[in-house]
Amino acid sequence: MNIDPYRPLQDIAAQVPGSISVLDKLGIDYCHQALESLEAVCRKRGLMTGDVLALLEEGQQATAVPPECQEWSARPLADLISHIVSGHHAFNRREFARLEELFAHILATEARRPAWKLLHNLFASLSRKISSHMNLEEQVVFPHIEELESLAKDNGAPHGWRRSSVQRPIRMMMLEHDSACELMKRIKGVTSNFKVPAGASADWHALYEGLQVLDRDLHHHFFLENNILFPRAVSLESLRGVTLGKSRPD
Ligand SMILES: [Fe+2]
Ligand SMILES: [Fe+2]
């Protein structure tokens, strides 16, 4: 696929195989700059667009296409939801618990250093936010989207069907993504971008490595929701008129 540098980043990240890992490595925020073109983002960052395109094209040649780069824009929303829940949500639950244990080991010896307390407070706050966010998605937002998709297959809502719009909960989820990203930015600041100082313990190395992987995974996770799942759910709702007070007449 020829990559057009004037396309929005969200299209490139969603459709060009291998692009997410290239953009991650370059520190290009395809999640929050999703609507800007690759060319504009490169210009702002002082990167040569031609060099970035060459890297993206190289990434495209890779034989194994990572699942994140599959074309979710055409697959059923229920499949994407299942991918998010069994992949990203399950990973988060495992990783937050594992990293909390590492923190406990480190804090047992380093508790007097204020920077550790600050880092742990930020992490604990992120963990609480992400946990309640994922529960809300799994219990309320995702079932709503699955219902929309299944109604669309049946050609709209049955007479008398009532459901409030999916747009408000989606907006709330996106605001929560932003606030989690802000916390992660502060964690990156406190850890100097996950840079481990010389002589650090094995736990310290493992913790920073785990935080870095978590950061990357959150990025991919929020990208799939903000730029593919949620916009598709909103357009499904508006196309089919399956919102409150727009039930299909007999
Ligand atoms: Fe999620
Ligand atoms: Fe989310």
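Model, not experiment: these values are computed from the prediction. All values below were derived from every heavy atom in this structure, side-chain atoms included, with hydrogens, water molecules and symmetry-related copies excluded. Counting starts at 1 for both ligands and their atoms, following the listed order. Residue numbers run from 1 in the order of the sequence given.
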Q: Of Ile145, Ile170, Leu224, which is the lone residue that meets side-chain contact (heavy atoms from CB on, under 4.5 Å) with Leu229?
A: Ile145
Q: Would you confirm whether Arg45, through its side chain, and Gly27, through its main-chain N or O, come within 3.5 Å as a donor-acceptor pair?
A: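 Pair found, side chain donor or acceptor close to backbone of Gly27.
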Q: Looking only at the aromatic ring of each residue, does the gap between the centers of His219 and Tyr30 stay below 6.0 angstrom?
A: yes
Q: Provide the atom name of the closest N, O or S atom of Glu225 relative to the Fe ion (ligand 2).
A: OE1
Q: How long is the straight-line distance from NZ of Lys185 back to CG of Asp29, given to the nearest 0.5 Å?
A: 7.0 Å
Q: Examine His88 and say whether one of its N/O/S atoms is closer to the Fe ion (ligand 1) than 2.8 Å.
A: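 Within the cut-off used here (under 2.8 Å), His88 places no N, O or S atom near the Fe ion (ligand 1).
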Q: Between Gln167 (side chain) and Val234 (backbone), is there a donor-acceptor pair under 3.5 Å?
A: no
Q: How is the N/O/S atom of Glu137 that comes nearest to the Fe ion (ligand 1) named?
A: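 Nearest N/O/S atom of Glu137: OE1.
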Q: Checking one value in my table: which N/O/S atom of His89 lies closest to the Fe ion (ligand 1)?
A: NE2
Q: Which is the closest N/O/S atom of His221 when seen from the Fe ion (ligand 1)?
A: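 In His221, the N, O or S atom with the shortest distance to the Fe ion (ligand 1) is NE2.
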